[in-house]
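Quick notes on the structure that follows.
Treat the numbers as computed from the prediction; the structure is a model and nothing was measured.
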Amino acid sequence: MVVATGFFDGVHTGHRLVIRQLVEAAAVRGDESMVVTFWPHPRNVLQKEARSLRLLTTLAEKKRMLMDLGVDKVEVLRFTKDFSMMTTEEYLRMLINDYGASAILVGYDNRMGCDAKDADQVGRTAEMLGLEVIRTDMVPSSKGYAVSSTKIRQCLEEGDVEDASAMLGYEYSLQGVVVAGNRLGRTLGFPTANMQLYEPLKLVPGNGVYFVRVNTVGRSLYGMCNIGLRPTVSAGNSRTIETNIFDFDEDIYGLDLEITFIRKIRDEIRFASLEDLKAQLARDKCNCESLH
């Protein structure tokens, strides 16, 4: 096995460079390519303040993306406090003994084991154990900083879905089921599909109105999605994800819904009246329709 290891949240453009090198290296050697990843996220296990860390990909999404990139096998290890106490040498020996690792990819910031100071130390330990080390470079974003899952989460939380998508290499999306709402949107002429996420740990972009692509009942449509506390019509105690699907008026309660974020249109704001809200929704729809 030629092995790459890490959490790979988002399987972003930096990860994809690693995976491309992994698959190519395995093909040259006539070996199989393997990704060893973890679940749950180490920060959710080790840092109390990060227990609610939101993720860019569910475990199923991550595995599917890695396999779609040509990886032969994806192994998911349960991350626990005991597991986190493995040293670099212990972890690498496990990869050799349990998975037949003969070569390992080491990224510019790839650290494995509780005693790993940096990627160079990991590389030296791997070579000492007889592993071939394949080094990978940093992938910069269009703005010059390193592409990272942390930076992508920050962009999404700020509503910058375009920069996030550029770093991911694909447009960010949410998947869930349509649940009942208060039907206020229908009375305003903008019926909405309220989404309940399938994965509670999936990161939801920052509050605001977004131009989105919608997949439901086997169709791909456009719409506008409001994420937030609905300050005009509610006490604002809980966040909702509501999508008005353009030119669509079918009953989809209980059905699957996927929304893909294209661009943020505006921040969420409180209106003085429902009439003001209705007028703004009409303007939002015009803004969205001008983008496709």
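A donor-acceptor pair is defined here as one N or O able to donate and one able to accept, closer than 3.5 Å; such a pair exists between the side chain of Arg29 and the backbone of Ala25. With hydrogens and angles disregarded, no donor-acceptor distance shorter than 3.5 Å links the side chain of Lys278 to the backbone of Phe190. Side-chain atoms of Tyr172 come within 3.5 Å of backbone atoms of Leu203 as a donor-acceptor pair (strictly under, hydrogens ignored). A distance-only check finds no donor-acceptor pair linking the side chain of Gln21 to the backbone of Val18 [under 3.5 Å]. Put simply, the side chain of Asn244 gets close to the backbone of Pro191: a donor and an acceptor are under 3.5 Å apart. Judged by distance alone, with hydrogens and angles left aside, the side-chain atoms of Thr216 form a donor-acceptor pair with the main-chain N or O of Asp256 at under 3.5 Å. Remark: side-chain polar atoms of Thr5 are paired, donor with acceptor, to backbone N or O of Val36 under 3.5 angstrom. For the pair Asp160 (side chain) and Leu156 (backbone), a donor-acceptor distance under 3.5 Å is absent. Looking at Ser33, its side chain never comes within 3.5 Å of a backbone N or O of Leu22 through a donor-acceptor pair. Glu61 contributes a side-chain N or O that, together with a main-chain N or O of Thr58, makes up a donor-acceptor pair within less than 3.5 Å.
Each of Asn287, Val214, Val212, Leu281 was scored for a side-chain contact (heavy atoms from CB on, under 4.5 Å) with Met224, with one residue passing: Leu281. Among Val11, Leu56, Asp9, the single residue meeting the side-chain contact (heavy atoms from CB on, under 4.5 Å) criterion with Lys62 is Val11.
Side-chain contact between Phe7 and His41 is present, with heavy atoms from C-beta onward closer than 4.5 Å. Put simply, the side chain of Thr240 reaches to within 4.5 Å of the side chain of Glu242, judged on heavy atoms. Lys81 is listed as a side-chain neighbour of Val45, based on a closest heavy-atom distance under 4.5 Å. Taking 4.5 Å as the limit, some side-chain heavy atom of His15 sits within range of a side-chain heavy atom of Ser149. With contacts defined as side-chain heavy-atom distances shorter than 4.5 Å, the pair Arg219/Glu250 qualifies. Looking at Arg263 and Leu291, their side chains come closer than 4.5 Å, going by heavy atoms from C-beta outward. Proximity of Glu75 to Thr37: side-chain heavy atoms (C-beta onward) are nowhere separated by under 4.5 Å. Residues Leu69 and Val23 are not in side-chain contact: their nearest non-hydrogen atoms beyond the backbone lie 4.5 Å or more apart.
Counted within 6.0 Å of CE on Met94, heavy atoms from surrounding residues, nucleotides or ligands total more than 12; the atom is thus considered enclosed. Other residues, nucleotides and ligands contribute at most 12 non-hydrogen atoms within 6.0 Å of the NZ atom of Lys63.
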_Could you go through Val74 and Met67, starting from their C-alpha distance and side-chain angles, then the distance that decides it, and tell me whether this counts as side-chain contact (heavy atoms from CB on, under 4.5 Å)?_
CA-CA 7 Å; Val74 177; Met67 297 298 288; 3.6 Å; yes
_Does Tyr170 form a side chain to side chain donor-acceptor pair (under 3.5 Å) with Thr260? I'd like the steps, not just the answer._
CA-CA 10 Å; Tyr170 57 89; Thr260 300; over 6 Å; no
*Stepwise side-chain contact (heavy atoms from CB on, under 4.5 Å) test for Cys288 and Phe246*: CA-CA 10 Å; Cys288 290; Phe246 300 154; 3.8 Å; yes
_Show, in sequence, the C-alpha distance, side-chain angles and deciding distance for Cys225 and Val209, and conclude whether the side-chain contact (heavy atoms from CB on, under 4.5 Å) test is met._
CA-CA 6 Å; Cys225 174; Val209 177; over 6 Å; no
*Kindly indicate, with the supporting measurements, whether the criterion side chain to side chain donor-acceptor pair (under 3.5 Å) is fulfilled by Tyr210 and Asn226.*
CA-CA 6 Å; Tyr210 296 84; Asn226 184 84; over 6 Å; no
*side chain to side chain donor-acceptor pair (under 3.5 Å) assessment of Asp284 paired with Gln280*: CA-CA 6 Å; Asp284 292 338; Gln280 182 61 55; 2.8 Å; yes
*I would like to know whether Met195 and Thr243 meet side-chain contact (heavy atoms from CB on, under 4.5 Å); could you show each step before the answer?*
CA-CA 8 Å; Met195 172 187 277; Thr243 304; 6.0 Å; no
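Ring-plane geometry between Phe211 and Tyr222 is classed as parallel, the angle between the planes falling under 30 degrees on a 0 to 90 degree scale with a further cut at 60. Under the 30°/60° scheme for interplanar angles, the aromatic rings of Phe83 and Phe79 are found to stand perpendicular.
Note: Ile259 CD1 to Ser173 OG = 8.5 Å, rounded to the nearest 0.5 Å. Between Leu92 atom CG and Leu131 atom CG the span is 6.0 Å, to the nearest 0.5 Å. To the nearest 0.5 Å, atom CD of residue Gln154 and atom CE of residue Met167 are 8.5 Å apart. Put simply, CG on Leu174 and NZ on Lys202 are 6.0 Å apart, with the number rounded to the nearest 0.5 Å. Atoms CG and CE, on Leu95 and Met1 in that order, are 11.5 Å from each other to the nearest 0.5 Å. Note: Met85 CE to Thr80 OG1 = 11.0 Å, rounded to the nearest 0.5 Å.
Residues Met86 and Leu77 fall within the same hydrophobic cluster, defined by Ile, Leu, Val, Met, Phe, Trp and Tyr side chains chained together at heavy-atom separations under 4.5 Å. Both Met128 and Ile104 belong to a single network of hydrophobic side chains, linked directly or stepwise wherever heavy atoms of I, L, V, M, F, W or Y lie under 4.5 Å apart. Met112 and Val76 fall within the same hydrophobic cluster, defined by Ile, Leu, Val, Met, Phe, Trp and Tyr side-chain heavy atoms under 4.5 Å apart, directly or through other members. There is no path of hydrophobic side-chain contacts, each under 4.5 Å, that joins Val177 to Phe248. Residue Ile227 is not grouped with residue Tyr198 when hydrophobic side chains (ILVMFWY) are merged at heavy-atom distances under 4.5 angstrom, including chains of intermediate members.
Look at Arg239 and Glu268 and you find no salt bridge, because none of the NZ, NE, NH1 or NH2 atoms lies under 4.0 Å from a carboxylate O. Between Arg93 and Glu89 there is a salt bridge, with a side-chain nitrogen of the basic residue lying less than 4.0 Å from a carboxylate oxygen of the acidic one.
Taking all atoms of both residues into account, the shortest heavy-atom contact from Ala103 to Ile134 is CB-CD1, 4.3 Å. Nearest heavy-atom pair, Ala193 versus Leu257, reported as atom, atom and distance to 0.1 Å: CB-CD2, 4.1 Å. In terms of heavy-atom proximity, Lys73 sits nearest to Val71 at O-CG1, 3.2 Å. When all heavy atoms of Ala180 and Asn194 are compared, the pair lying nearest together is O-ND2, 4.4 Å. Contact record, Ile252 with Val178: O-CB, 3.3 Å, taken as the closest heavy-atom pair. Taking all atoms of both residues into account, the shortest heavy-atom contact from Leu46 to Ser84 is CD2-OG, 3.7 Å.
Annotation: side chain to side chain donor-acceptor pair (under 3.5 Å) contacts involving residues 101-128, sequence neighbours excluded, comprise Thr88-Asp115.
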